[in-house]
There are 2 protein chains.
Amino acid sequence: MADVAREAGVSQQTVSRVANGLSNVNEDTRVRVQAAMAKLGFRPNFAGRSLRSGQYNSVGLCLYDVREFGNLATVDGILSAAREHGYAITMIENVDDNLSLKDVSHKITELPVDGMIISMSLMASDFDSFKPQPGMGTVLLSMYEHPCCTTVESDQYGCSWTVVEYLKNAGHRNIRFVAGPSYSIDSNFRQKGWEDALVHFGLPVVQPLAGNWLADSGYEIGCKLSADTEMTAIYSANDQMALGIIAALQDRGIRVPEDVSVVGVDDSLEGYIPHCNLTTIRFDLLKRGRTAFEHALLGRKPGYTPEIVRIPGRLIVRDTVRNLH
Amino acid sequence: MADVAREAGVSQQTVSRVANGLSNVNEDTRVRVQAAMAKLGFRPNFAGRSLRSGQYNSVGLCLYDVREFGNLATVDGILSAAREHGYAITMIENVDDNLSLKDVSHKITELPVDGMIISMSLMASDFDSFKPQPGMGTVLLSMYEHPCCTTVESDQYGCSWTVVEYLKNAGHRNIRFVAGPSYSIDSNFRQKGWEDALVHFGLPVVQPLAGNWLADSGYEIGCKLSADTEMTAIYSANDQMALGIIAALQDRGIRVPEDVSVVGVDDSLEGYIPHCNLTTIRFDLLKRGRTAFEHALLGRKPGYTPEIVRIPGRLIVRDTVRNLH
DNA sequence: TTGTAGGCGTTATCAC
DNA sequence: GTGATAACGCCTACAA
């Protein structure tokens with residue numbers, strides 16, 4: 001900036017005014033300064049600006065696993081909300097299973113950020129006792145509620161109620177659940193929702209089998225389930241396993257949905273397989289990201305009180321459920 | 001930092017030494033300072049540090065579309081390389097189709113970054129004339145070569161040679177190609193590679209049909225292709241369309257691979273469908289990201305000369321190709 | 001309209 | 001081993 005000032009024969013302050021588009025600059029001077037800027041390839045220095053303003057215009061993001069379903073679209077939502085606010089996203093990887101929320105939060109605090117969004121797929125050891133950095137809007141992507149931080153998550157519990165109620169209304173009474181891995185928080189909440197809904201509607205609860213999210217594990221479970229002559233519907237904790245289950249049933253001569261209905265979660269197969277006809281739950285993951293970002297910004301303000309945001313899923317009705325009435 | 005100094009009864013300089021773990025500090029003093037730090041919740045200020053050092057320890061990233069296949073795993077690779085170097089990633093969204101490389105590069109330069117990685121899915125209008133910011137390692141994720149910037153990309157051209165040569169060796173002569181959308185650079189390079197390889201091996205070239213990457217468009221194309229009695233193999237520009245093609249052929253009584261062999265690209269179906277048996281090309285997308293990051297760092301150094309990095313794909317042999325010999 | 005002074009938080013350098 | 005000083009680039013406040 002000093003160089004530009006010298007080149008244009010003005011003070012640094014005038015250069016600063018031009019750089020920020022302030023109005024109180026003579027038109028001739030402005031042109032001269034802009035010429036000097038262009039000539040020297042001037043770009044305002046981020047550190048100087050931030051040091052002065054105390055702001056970074058960026059929000060930190062730490063995801064436990066970028067590849068996990070849902071995180072991708074969430075990043076998309078965060079980025080788009082950030083762009084609208086003139087913000088960037090500063091991202092770091094968390095590979096350490098044992099890292100506490102405090103550690104992660106400290107790491108992010110050392111980056112140029114005004115707030116942070118943290119997703120920890122496993123339960124952090126210090127989840128409940130964690131205190132966010134003062135003045136830092138801190139948002140957790142989590143189904144667990146937190147005393148001091150806003151938590152945002154797709155409603156992994158409510159989606160099961162939606163499914164069970166839909167199946168019950170279609171006349172189903174024996175509704176099996178196929179779970180994901182036992183360490184998965186999402187799977188656990190989906191299972192709890194299924195169980196609670198069954199109990200609420202007075203339907204029988206049978207201990208669920210668990211897979212590993214992948215289609216092949218769904219196939220294996222489908223083979224086992226095919227022996228069950230009571231069930232009329234299967235609710236799978238994700239779409240991939242649902243696909244495997246359907247294949248296994250069909251290989252055994254059990255028709256879907258004529259003999260058994262199947263419902264998945266995520267709506268992750270569209271475009272991947274031809275004539276995708278799986279009834280499933282779709283979450284608004286863009287909104288998940290956008291909401292998290294908005295709260296990370298709001299959270300800086302003094303009067304802010306943390307919220308619990310659960311973004312509902314929508315049932316996408318396709319052809320894998322039969323109405324028994 | 002001044003507060004910590006006062007609390008511990010030492011100078012700021014000593015606090016700085018402790019914060020940076022320098023050795024020339026008395027053990028007693030160190031303990032006292034650390035206690036003060038903990039008490040006041042001291043975190044070093046990013047802006048101050050950067051202003052001093054002229055470094056940010058972050059690399060800028062601008063992807064045209066995070067959701068595009070390959071970008072996700074690439075982000076993963078970039079993040080993991082970044083973490084190993086103690087770097088963060090500063091990300092912005094680019095939604096503007098008409099944005100020039102210069103515009104994007106300027107935007108990123110205003111962020112706290114020491115280098116940048118840019119992916120523009122469409123051809124930038126100023127691609128060839130673009131000059132990177134001096135002192136900024138600038139890496140383009142692109143199949144097009146650039147005079148001044150390192151370009152990194154999965155080898156979208158070579159993968160087709162691999163496929164064609166493999167099919168030729170299995171005795172196939174009539175090998176159709178199914179393209180993606182015409183604006184897709186990846187699809188164009190895959191097609192060019194297929195064509196060049198066919199010509200090289202003296203095999204007949206038939207004008208390819210184009211889909212939209214999705215499985216259903218593959219199904220439609222499969223229906224049309226099923227009329228072709230000459231072909232013994234189909235090479236699809238991605239796996240989803242390949243799946244649609246296979247479904248269409250089978251619906252018409254054409255067996256895969258007994259009657260027609262099918263090969264895809266991306267290896268994107270594993271886990272998504274049960275008993276995935278599609279022969280395909282797998283790219284090392286983590287490496288794509290890691291390499292891009294490494295070069296963005298190296299590119300800052302004065303002696304650095306830009307490189308053209310093409311990361312080869314690997315043929316994943318499964319069951320959808322028949323050996324005609 | 002333009003210029004000057006000062007300070008944001010950090011650390012390199014030199015003096016003690 | 002520790003402290004004082006200055007400087008990184010920018011912008012607010014004030015003076016001219």
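Here the structure is a predicted model, which is why all the values come from computation and not from measurement. All chains are named by letter (A, B, ...) in the order of the sequence lines, taking the proteins before the strands, and each is independently numbered beginning at 1.
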Residues Glu84(A) and Arg290(A) bridged, charged N to O under 4.0 Å = yes
Given dG1(D), dC10(D), dT2(C), which nucleotide is nearest the side-chain atoms of Val25(A)?
-> dT2(C)
Can you tell me how far P of dC11(D) sits from CG of Asn45(A), to the nearest Å?
-> 10 Å
Which part of the nucleic acid does Ser11(A) contact within heavy-atom distance under 4.0 Å: base, sugar-phosphate only, or nothing?
-> base
Name the residue closer to the 5' end of DNA chain C, choosing between Leu22(B) and Leu51(B) according to the nucleotide with the nearest heavy atom.
-> Leu51(B)
Does the dA7(D) base have a donor-acceptor partner in the side chain of Arg52(B) within less than 3.5 Å?
-> yes
Between Gly9(B) and Ser53(B), which is nearer to the 5' end of DNA chain D once each is assigned its nearest nucleotide?
-> Gly9(B)
Among dT2(D), dT2(C), dG9(C), which nucleotide sits nearest the side chain of Asn26(B)?
-> dT2(D)
So how far off straight is the helix from dT1(C)-dA16(D) to dC16(C)-dG1(D), going by the axes through five pairs at either end, to 10°?
-> 40°
Side-chain-base donor-acceptor pair under 3.5 Å for Arg43(A) and dG9(D) = no
Donor-acceptor pair under 3.5 Å, Gln13(A) side chain vs dT12(D) base = yes
Should the ring pair Phe46(A) and Phe46(B) be called parallel, tilted or perpendicular, given that the plane angle runs from 0 to 90° and is split at 30 and 60?
-> perpendicular
Listed nucleotide nearest any side-chain atom of Val10(A), set dT2(C), dT10(C), dG3(C) = dG3(C)
Go through Tyr87(B) and Phe293(B) one step at a time and tell me if the ring pair (Phe, Tyr, Trp, His ring centres under 6.0 Å) criterion holds.
-> CA-CA 10 Å; Tyr87(B) 268 62; Phe293(B) 179 85; 5.8 Å; yes
